[in-house]
Each structure stands twice: as C-alpha cells, then as structure tokens.
Amino acid sequence: MTESGMRTILLHGGPDEAFDRSVLFARRMAESFGARLHVLYTIEDPLSAGWTAEVSAERLPEIHEAMETEARDRLARLIPHDDQERLGVQFALRMGPSADELVRYTVDNAIDLAIVQARAGDTDTGHAHALLDRGRCAVLVLR
C-alpha cells in the first residue's frame with residue numbers, strides 16, 4: 001500500500017472531448033501517487049454510437065470490438081503503450097447506464113479514487129452522485 005492510500009485510480013470516459021483532458025490529469029495523479037490507472041469507457045446508448053437497428057445480432061461482437069479498438073487507440077494517443085504498462089493501465093468498455101457501470105466497476109475492482117467529468121453548467125451530476133451514494137471510493141469531479 002502506498003503512503004497516500006491511493007493504490008488504484010479510475011477514470012471514467014466516453015466519446016467526448018472532455019475525456020482527452022481528463023486522461024492527462026488522471027495520468028499525472030496516478031504517477032504522483034504511484035497508483036495503477038483504470039480507464040472505464042462507457043457508452044449508454046449503442047444506437048447513439050453508430051449502431052443501427054439494421055445491425056444483425058451476429059455482428060454485435062464485431063461492432064463492440066471496433067468500438068473498443070477506437071477507444072483504446074484514442075487512449076494510446078494520450079498515454080503511449082509503454083507508459084500504459086508502467087502505470088498498470090487497465091481498460092474496460094461497458095454498455096449501459098454509465099452511473100450503474102461506474103458503481104459496479106469501483107466495487108468489483110477495489111478503486112480508491114474515481115475521476116468523473118462534469119461540464120460547467122451541467123445539471124447532470126448523476127455519475128458523481130451515484131458514486132457517492134452507492135460506491136466505495138473517493139470521488140473527484142473535473143469540470
């Protein structure tokens with residue numbers, strides 16, 4: 001255990017620009033605490049991410065894999081693979097309500113600190129509230 005008690009940091013991300021800024025912040029935090037970095041990328045509505053009703057069920061794994069590859073590539077542009085290994089970066093892509101997936105991930109992976117984004121003026125602070133109400137870790141909200 002590190003002196004700070006921050007052994008595992010989770011960054012929540014999705015297909016938006018705020019994720020890119022948050023990755024750099026989370027990386028610096030993980031480096032300063034000597035913590036492992038987990039990145040949970042959630043997509044609430046697969047249809048909004050390019051899936052259509054015409055997609056057959058047998059193609060869903062292929063589409064999920066393509067979405068995961070795109071998210072991993074995006075992360076690699078911000079944290080090169082060598083640095084990901086050094087930081088112990090673990091990546092997960094989940095479909096469904098982001099708040100529920102965040103809480104589930106923090107419990108299943110013994111996360112010490114979860115970093116979530118909220119844009120200035122957002123009335124939706126559901127991710128942070130869900131973690132505070134049902135999670136078992138500290139929460140940092142970035143604007």
Side-chain angles (χ1 to χ4, degrees), residues 1-52 55 57-143:
M1 181 164 155
T2 64
E3 283 184 34
S4 68
M6 287 294 161
R7 297 175 315 271
T8 310
I9 296 173
L10 171 66
L11 173 64
H12 173 250
D16 58 36
E17 291 177 19
F19 175 70
D20 294 353
R21 291 185 306 274
S22 298
V23 166
L24 301 175
F25 180 84
R27 174 188 179 166
R28 285 192 306 269
M29 286 204 63
E31 288 173 335
S32 67
F33 285 116
R36 290 185 326 270
L37 179 61
H38 290 232
V39 177
L40 176 63
Y41 200 89
T42 59
I43 299 176
E44 291 215 20
D45 178 10
L47 293 176
S48 71
W51 291 17
T52 66
V55 173
E58 55 271 353
R59 288 208 51 228
L60 292 179
E62 175 186 327
I63 292 171
H64 186 275
E65 185 177 322
M67 292 169 75
E68 183 171 337
T69 298
E70 181 180 326
R72 284 181 183 275
D73 289 348
R74 186 174 180 193
L75 180 62
R77 285 192 299 274
L78 300 164
I79 303 177
H81 291 291
D82 290 346
D83 290 343
Q84 287 186 37
E85 283 186 34
R86 183 177 49 78
L87 290 168
V89 172
Q90 292 187 27
F91 178 87
L93 173 69
R94 302 276 172 90
M95 306 283 179
S98 296
D100 294 342
E101 294 300 329
L102 274 164
V103 170
R104 187 175 303 118
Y105 194 91
T106 62
V107 171
D108 292 347
N109 293 281
I111 299 298
D112 298 308
L113 173 66
I115 301 172
V116 296
Q117 299 102 19
R119 287 182 219 89
D122 267 357
T123 57
D124 179 18
T125 55
H127 297 137
H129 283 287
L131 287 166
L132 290 170
D133 293 342
R134 298 180 282 142
R136 296 186 182 142
C137 64
V139 179
L140 175 63
V141 179
L142 299 179
R143 290 204 176 253

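Numbering of residues begins at 1 and proceeds along the displayed sequence.
- In this structure, I115 and A26 approach most closely via the heavy-atom pair CD1-CB, 3.9 Å.
- A donor-acceptor pair shorter than 3.5 Å can be found between the side chains of T42 and H12.
- Nearest heavy-atom pair, A114 versus L131, reported as atom, atom and distance to 0.1 Å: CB-CD1, 3.7 Å.
- The two residues A35 and M6 come nearest to each other via the heavy atoms CB-O, 3.2 Å.
- Put simply, the side chain of L10 does not reach to within 4.5 Å of the side chain of L113, judged on heavy atoms.
- With a 6.0 Å radius and a threshold of 12 heavy atoms from other residues, nucleotides or ligands, R134 has its CZ atom above the threshold.
- Within the structure, salt bridge (Lys or Arg N to Asp or Glu O under 4.0 Å) contacts touching residues 86-97 (residues at least two apart or in different chains) are E31-R86, D83-R86, R94-E101.
- Across all non-hydrogen atoms, the minimal contact from P80 to R27 is CD-NH1, 4.0 Å.
- The side-chain contact (heavy atoms from CB on, under 4.5 Å) test with H127 singles out one residue from V141, V139, V116, and that residue is V116.
- Nearest heavy atoms, L11 versus Q117: CD1-NE2, 3.7 Å.
- Side-chain atoms of D112 come within 3.5 Å of backbone atoms of R7 as a donor-acceptor pair (strictly under, hydrogens ignored).
- Remark: Q84 engages no residue in a side-chain hydrogen bond (donor to acceptor under 3.5 Å, both in side chains) (not counting sequence neighbours).
- Pairing each heavy atom of N109 with each of T8, the nearest pair is O-CG2, 4.4 Å.
- Side-chain contact check for Y41 and R72: no donor-acceptor pair (N or O, by modelled atom type) lies under 3.5 Å.
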